[in-house]
Amino acid sequence: MTAAPLLSVSGLCKRFGPTLALAGVDLQVRAGEVHALVGENGAGKSTLLKVLAGVHTADDGEVLLDGLPFAPADPAAARDAGLAIIHQELALAPHLTVAENLFLGREPRRGPFVDRRRLRELATAALAQVGRGQLDPDTAVGALPPADRQLVEIARALSGDVRLLILDEPTSSLARADVEPLLQRLRELAARGVAVVYVSHVFEELFAVADRFTVLRDGATVTSGAIADTDHDRLVAAMVGRSVTDLYPRSRATPGAVVLELEDVAGVRLPRRATLQLRAGEVLGIAGLIGAGRTELLRAVFGLDPVVAGRVRVAAFEGAAPPAARWRQGVGMLSEDRKAEGLMLARSSAENVWLPVLAQKARGGFVAPRRLEQDAMPWLQRLAVRCAGGSQAVGELSGGNQQKVALARLLATGCEVLLLDEPTRGVDVGAKAEIYAAIDELAHRHGTAVLVVSSYLPELLGIADRIAVVCRGEVLPARPVGECDEHALLAAMTTGALTGEGA
Amino acid sequence: GDPSAAAGASGKPRVAVIPKGTTHVFWKAVEAGARVGAESTGLEVVWKGPLKEDDRNQQIQLVQQFVSEGVAGIALAPLDHVALAPVVASARQKGIPVVIFDSALDGTPGKDFDCFVATDNRKSGEMAGHYLVKLLGDAPADKVRKVVLLRYQAGSASTTEREAGFLDVVRAAGLEVTVDNRHAGASIGEAKSEALKLVDELRAADGVFCPNESVTAGMLLALEQLQLVGKLKFVGFDSSPQLVKGLKDGSIDGLILQDPRRMGDLSVQQLAARIAGKPVETVIDTGAALVTKANMHEPKIARLLE
Amino acid sequence: MNPARLLRAMGPSLGLFVTWLLFAVLAGGKFTSWSNTELMLLQTAVVGTAAVGATWIIVSGGIDLSVGSNIALCTMAGAGVLQAGGGLWLALVATIATGTLVGWLIGALVVGALPRVLVTLGCGGGVFLVAHGLGAWAWPLGVLAGAVAWLSSRRLSWKLPLSPFIVTLGLWGTLRGLAKGLGDNQPIYFERNDTLAGLMVTGGVLPAGVWILLAVAAIAAVLLRRSVFGRRVVAIGSSRQTARLCGVDVPRTEMGVYLLGCTCAGIAAVLQLSYLSMGDSTTAQGYELKTIAAAVIGGASLAGGEGSIGGTLLGALIMTVVDNGCTKLGLDNWVQEVVTGGIIVGAVALDRLRLARR
Amino acid sequence: MNPARLLRAMGPSLGLFVTWLLFAVLAGGKFTSWSNTELMLLQTAVVGTAAVGATWIIVSGGIDLSVGSNIALCTMAGAGVLQAGGGLWLALVATIATGTLVGWLIGALVVGALPRVLVTLGCGGGVFLVAHGLGAWAWPLGVLAGAVAWLSSRRLSWKLPLSPFIVTLGLWGTLRGLAKGLGDNQPIYFERNDTLAGLMVTGGVLPAGVWILLAVAAIAAVLLRRSVFGRRVVAIGSSRQTARLCGVDVPRTEMGVYLLGCTCAGIAAVLQLSYLSMGDSTTAQGYELKTIAAAVIGGASLAGGEGSIGGTLLGALIMTVVDNGCTKLGLDNWVQEVVTGGIIVGAVALDRLRLARR
Ligand SMILES: Nc1ncnc2c1ncn2[C@@H]1O[C@H](COP(=O)(O)OP(=O)(O)OP(=O)(O)O)[C@@H](O)[C@H]1O
Ligand SMILES: Nc1ncnc2c1ncn2[C@@H]1O[C@H](COP(=O)(O)OP(=O)(O)OP(=O)(O)O)[C@@H](O)[C@H]1O
Ligand SMILES: [Mg+2]
Ligand SMILES: [Mg+2]
């Protein structure tokens, strides 16, 4: 492949106020290849892609598309040039139907009206491409689970007439089962001559699909080359600037007393029957398919959703309680939807970190913002949050760094029971290691009880002491991690029956 | 209309009396008069004004509703001499007698509506003007007298008439009107604020005139605050407990009073006569009186101040 | 349509039915009679037409606090033409076009074209003043000059979007002031025109004004639900960011929404002009809240993305029914105000309750 | 504070300065004189105090369209007590407490306690009616019964949250109606009370009413920026769901916001009562939009989470300056209305422009 690159970026710079997000990026993408773009959280990947998509305009540097200067004034111009993008933060109109979302901005027309029949046909075809042909194109997007929304967004990008397809962490909400067909589609598209830029923090995906890669660090290109010429460790070293040897540290400890006990707990819709015990000093992993009811389980325990049946006990406290009471009882929760329910995007990191314990941080009912910022800094640094200080608005941080702020809250508030829903969603490999280490230290050194929901099985196997599988709203008995492997877990997740020696 | 629909719960014929608004003392007095008139003639009065003071649209709607309901008669203080004419005509077409009171309606009394009971607004404005000219006349003649007019609301016909009558007289008498383009708005609070903002003009003025109750009350409050009471001559319009007090303690030099009770009373009486098929007078001037501290205890005047 | 959606769409009808029934039981025949029903429909025509426009604006995520002042200004413009002897058709055009012009102004300010607006108003106004001597020609010349200035100033388009709440709050006063100024603080009277007056009289099957409302509503509803433009408006209200990322020309679409919404206000002004037989600069006060209330009772969300024209009509009717019913019951004004407020809250609570229970 | 934030905070002051300068140049000494300045401050006192409350409500993501009606109702309550010879202190308590009570009502409806509200109002109202014969004791007995009913009906708490826009739109009419009913459609007059009247007279260093405004604003500002309660309010306005997840008791905090915000309206009503020396059920019309405009000009966002008390005061002052300056220039009312609207839009545009340029 010696053809001239389809997309050629050189010396691109972009500044947000005091932050230099891009400081001279070089990137060459050829037609017919899948190009992996990797880098730490806040390295500038999303910013680069947004410049290409016409969302931001660059301050300096040159972009050539097919050898011609390319500087789209707005997203419509970029799309007209044959570029399609899936953004990291979902961009869907919740009140419109799936079909309308798929073809927003390029609706099939009959005169001034939408050709509804044709729209439905096109939509069904587009959904079939991502393996969701059975989804009713007339449902409102607001009623879809996150995974389906992400697939709708992917289908929208794939359905156009594209030369350059850009995907910014398209799989962060997807189950493994949905990722494989997507990667397959990308390979087909590449074979047809489409250039694909692919961003993900999941290396397995990159090695499975990419032809070449480019590594960004601190807003600049560090290295690039063919994926066949590199390996996991070298890629990590290029990204992080050091090697991450021990991703899953694990200290030995013996679990203490039972601090969280559920008996036949049922929510409004999900979970249907949940029984489990969580001990102090133990990490209990929860595995399950998308839609199995893992999130609902945590929400019910934390009092965000009502418990309609069964018994909940936290330490000495019996019965359901609202979130305010849960925090007082020493329970903390991380939501899977950080944008809507995890963070106040317009407020500072410090305020986000201290919100649950404001009363404790106050003197005589009053707080000192400066002191809150100072006190938050160690926790932000602990998770290597890349920000311009504790007073920067969280909305200005990169996606992964936002996730870290939400986690820093749980570390800082010193909870005894942690409920974590997808704690490493969108987090880079270096920061993952930090998070795993933090979980290990909390559980095994300080005796915190941790309940982790994750769709990424290696992660669960790496950090959990025991793993319970949720299937269609029912929690199966937990088993020690030593008795689990990926295959057995997957089988249990889909069939709802435990197999293997521990059964 | 249908006599059964026109009869109220009491079995007496129901007549609708529709004022321009309900929250001024003036309209309260009209209502009292109307009830007296109803008592003496054996009618039942429905008293209903627009929710929003001075809203023509709502007043038309009210008339239409009463017409469709088929009341026995309507007494109306029209908010506009043109806008209310079509609905009055449609009421008459249905055989519902209509008495117009307080303000004029286009058309001929006796032909387009049954009777017109009102004060001559222009004349009462002139009356205020003459009185102010007289009050200021005693001063040395080497200096031109300055007067301030604080208007009510844009588009209000009766007060605009009064304002015009007043302006004619004082201008003809050679007085200088230093302010004549400011509108006070509907409530006393707005009127006070507006008057306070005119502090420089008020300090320089020798006399001031306000064309209705709310503006007069607001101006009185402002003059008190600016400590201008007694330093200029103040002629107002209509009466309320506050204004009567002002008249008593000398902070107001004169008020032009209409006779709202009589207006209400006569309107209903005329309606009753018309319903009974008796002939009615077509135009009745209820008159306006100038009230000063000197004459406020005369029985004829005292009755108006109640 | 799935059942949940159907139920949601039925909410306002339920509210209307309950209030109607309440007054039917309390007030009896004089409330339920056909002539009274006709009257209620007639009295909904003006607010209803304006509320159809407001629904578009609310669905797009905007708000129009200036609609009452706009209607007053439009009636003054129309009455001015009639007074000057311009004839009925010219007057109708002037009335509606004034509304559309206001829509252009709001739209331009909202999407961030303040400098272009200033240039346009400057040129148009300047030509108008210069051409003042030409009498009736001054207006079209001014408008023409403005249009040329607007079209030739694309480059000026600073991006300075303003919140519609602020823009229309400002215009709420500005337009009312202009209306008063247009008539030199007085109403504008004109020779009675029977065709115009005939729009709003009861007697036939239904007054022409009601048919106009229904026609406007039907067109607006079909456009909102079926046209490409309508769906894009919903998309903007639902998620502005998404619409932009999907290549919807957000400023242009918003411009269209305000043009359309304020044209509805212009049509409402025609009905008001017919109803009042005069130009009244103080009319339609408080319509901003009435139209919004109608839309919200009808299921619209002020956050945008949600709302239906049918629901809005029902919402407007609920308010008329309460108004009319209270008069029929002979309630004092103050009782009526208390009751009306309670019913607005009650109707919405009923709606939410029904949704929560399903 | 970082420079960007400082600039943002300075926006409204810049707006105030520009408008002030404009009128100072045009109108000269009679505008800039101390006595006129004092007057302007005095005339900002009522709206300003109410706008402080509105800022809290807006920052929490709510809105209060009933503040004008609330003020009118409060003045009627206070005037009623004075007329009945209840003495100044009782009157002040009645005025402010009426505001607080309205706040409780709004808050309860917004957080979804409609059934509890109905029960409470039923019990309180019932006892009030029964105890009517006891004269002055009927009120406190009714309130007591209501309080008992409220506290003992916790279990009734159906979750039926209503949008504050709708609740206060309903109360906008309801409270105005109650105010009119309280005085039987007439103003309530009372014996002149010199202490009360003295709150709003110019002459000293500054009128007492202005000091009251400043004190209320200072307390509100410190609470909003520094207190745990204030920060929770900001959190709710920024993201309700996040606040809930983080253990903020959202209903209770919102309840607090409306109590506080409407108490400010009660205090504003005391000043208005002093200004008018009578209870006027038609007063303070349109204050709902004025207070919101003050807050928004002062940098608040109607989406919640943003806004400052200082900015709001400046916003309220800008509006007074325009109002006063236009009168000083001898402009017609209609010109003033046009100009005021333009300046509201202009002040906000200036603010945005400054921000966009940094
Ligand atoms: N709108 C903005 N305002 C201010 N700073 C911003 C803005 N958007 C991005 N940044 C900053 O630019 C830098 C790069 O962010 P970007 O989102 O491109 O990172 P990323 O590589 O996509 O990270 P992640 O893997 O976490 O998604 C970050 O430091 C971020 O804080
Ligand atoms: N009424 C409903 N209609 C359609 N979908 C619903 C409804 N209620 C819940 N869901 C969706 O069903 C899914 C329930 O599963 P849940 O989110 O608990 O899955 P999970 O196992 O936690 O998966 P993940 O966390 O990976 O998304 C949710 O995504 C939710 O959005
Ligand atoms: Mg990113
Ligand atoms: Mg989940």
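So you know, we letter chains A, B, ... as the sequences are listed, proteins then strands, and number each from 1.
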[atom1]-[atom2] distance between [X] and [Y], expressed to the nearest 0.5 angstrom:
| X | Y | atom1 | atom2 | value |
| --- | --- | --- | --- | --- |
| B:Lys192 | D:Gln43 | NZ | CD | 9.0 Å |
| B:Asp200 | D:Asn36 | CG | CG | 7.0 Å |
| B:Glu53 | D:Gln285 | CD | CD | 9.0 Å |
| B:Glu194 | D:Asp323 | CD | CG | 7.0 Å |
| D:Leu39 | B:Gln225 | CG | CD | 7.5 Å |

Look at the side chain of [X] and the backbone N and O of [Y], then say whether any donor-acceptor pair between them is shorter than 3.5 Å.
| X | Y | answer |
| --- | --- | --- |
| B:Asn181 | D:Asn333 | no |
| D:Lys328 | B:Lys197 | yes |
| D:Asn185 | B:Thr23 | no |

TODO: Give the member of D:Gln186, D:Arg192, D:Lys30 that has the highest number of heavy-atom pairs under 4.5 Å with chain B.
DONE: D:Gln186

TODO: Determine the option with the most heavy-atom pairs under 4.5 angstrom with chain B, choosing from D:Thr282, D:Asn324, D:Asp184, D:Asp332.
DONE: D:Asp332

- [ ] Could you verify whether a donor N or O on one side chain and an acceptor N or O on the other, from B:Arg182 and D:Gln336, lie under 3.5 Å apart?
- [x] yes

Task: B:Lys28 NZ: over 12 foreign heavy atoms closer than 6.0 Å - done: yes

Open item on the list: Are there over 12 heavy-atom neighbours, none belonging to B:Trp27, within less than 6.0 Å of that residue's CH2?
Closed with: yes

With a 4.5 angstrom heavy-atom cut-off, which part of [X] approaches chain D: side chain, backbone, both or neither?
| X | value |
| --- | --- |
| B:Gln227 | neither |
| B:Ile188 | both |
| B:Leu51 | backbone |

Task: Which portion of D:Met200 sits near chain B, non-hydrogen atoms under 4.5 angstrom - done: backbone

Task: Nearest non-hydrogen partners of D:Tyr275 and B:Gly189, listed with the distance - done: CE2-O, 4.1 Å

TODO: Mind running side chain to side chain contact (heavy atoms under 4.5 Å, CB included) on D:Ser35 and B:Val199 for me, showing each step along the way?
DONE: CA-CA 10 Å; D:Ser35 75; B:Val199 49; 6.0 Å; no

